[in-house]
Amino acid sequence: MKAYTPSRAPCPIGRASRVLGDRWAMLILREAFLGVEHFEHFLGRLDISRAALTSRLGILVAAGVFERVPPTGKRAAYRLTDAGRALGPTYEAIKAWGDAWLPPAPRPEKDVHDQDPG
């Protein structure tokens, strides 16, 4: 399991990338901004293993982006802290950049069996 170790880098971008520089961290944040709070809901919406989700949520909690409520036990909620909510404008800016500068995902082609026979 990955563990969070705060960066000692003098650069704030370097320190932030220790927490946010992982693909899963950004996707977990996306789901949180969409209202997801529970482990099983994150798991159902992301193509991520249980171990990887556990690890990434642990890192985000340790870094102060999320809080786990209650802190121990099962069925906890993972809620954005003030620090996590402060990432909202950054998340929106990354989303807008992706919409503007990256090609859209290809649409799945229709299966030939789904086509109208004429």
Side-chain angles (χ1 to χ4, degrees):
M1 180 164 133
K2 280 182 140 181
Y4 173 65
T5 305
S7 172
R8 296 185 312 214
C11 171
I13 297 293
R15 291 191 312 272
S17 69
R18 176 71 61 103
V19 178
L20 304 174
D22 176 271
R23 170 182 184 247
W24 291 118
M26 294 304 295
L27 296 176
I28 291 167
L29 279 168
R30 176 194 67 196
E31 296 305 319
F33 285 124
L34 293 172
V36 174
E37 289 188 342
H38 295 280
F39 185 91
E40 295 299 326
H41 296 150
F42 284 110
L43 195 61
R45 294 174 62 116
L46 298 169
D47 186 22
I48 187 172
S49 71
R50 294 181 85 79
L53 180 57
T54 298
S55 173
R56 293 337 186 271
L57 284 170
I59 289 168
L60 291 165
V61 168
V65 175
F66 281 91
E67 63 180 337
R68 191 174 190 276
V69 181
T72 60
K74 295 187 179 210
R75 305 233 182 251
Y78 291 89
R79 296 194 179 126
L80 290 165
T81 62
D82 289 342
R85 286 187 295 278
L87 289 166
T90 303
Y91 166 80
E92 290 298 327
I94 291 169
K95 182 177 178 285
W97 182 86
D99 285 341
W101 295 99
L102 299 176
R107 289 185 151 179
E109 293 184 30
K110 279 189 169 184
D111 186 4
V112 291
H113 301 291
D114 292 339
Q115 295 178 359
D116 186 8

May I ask you to check whether over 12 heavy atoms, not counting those of Ile13, lie within 6.0 Å of atom CD1? no
If every non-hydrogen atom of Ala83 is compared with every non-hydrogen atom of Gly64, which pair is closest and at what distance? CB-O, 3.5 Å
Nearest-0.5 Å distance that lies between atom OG1 in Thr54 and atom CD1 in Ile59: 11.0 Å
What one should report as the nearest heavy-atom pair of Phe66 and Phe42 is CE2-CZ, 4.4 Å
Is it true that Arg68 and Glu37 have a side-chain N and a carboxylate O under 4.0 angstrom from each other? no
Asp82: partners by side-chain hydrogen bond (donor to acceptor under 3.5 Å, both in side chains), with sequence neighbours left out: Arg85
To check you understand the geometry: which heavy-atom pair defines the closest contact between Gly14 and Ser17, and what is its length? O-OG, 2.8 Å
Under 3.5 Å, which donor-acceptor pairs do the side chains of residues 24-36 form with other protein atoms, sequence neighbours left out?
from: Glu31; atom 1: OE1; to: Arg45; atom 2: NE; distance (Å): 2.3
from: Glu31; atom 1: OE1; to: Arg45; atom 2: NH2; distance (Å): 2.9

Take Arg75 and Phe39, measure what side-chain contact (heavy atoms from CB on, under 4.5 Å) needs, and give me the verdict at the end. CA-CA 8 Å; Arg75 305 233 182 251; Phe39 185 91; over 6 Å; no
Supply the atom-to-atom distance Arg23 CZ to Leu20 CG, rounded to the nearest 0.5 angstrom. 15.5 Å
Shortest non-hydrogen contact from Thr5 to Arg18? O-NH1, 2.6 Å
Going by salt bridge (charged side-chain N to carboxylate O under 4.0 Å, His left out), name the residues that satisfy it together with Arg15, two or more places apart in sequence or in a different chain. none
To check you understand the geometry: which heavy-atom pair defines the closest contact between His38 and Ala76, and what is its length? ND1-O, 3.3 Å
Nearest 0.5 Å, please: how far is CG in Asp99 from CD1 in Ile94? 12.0 Å
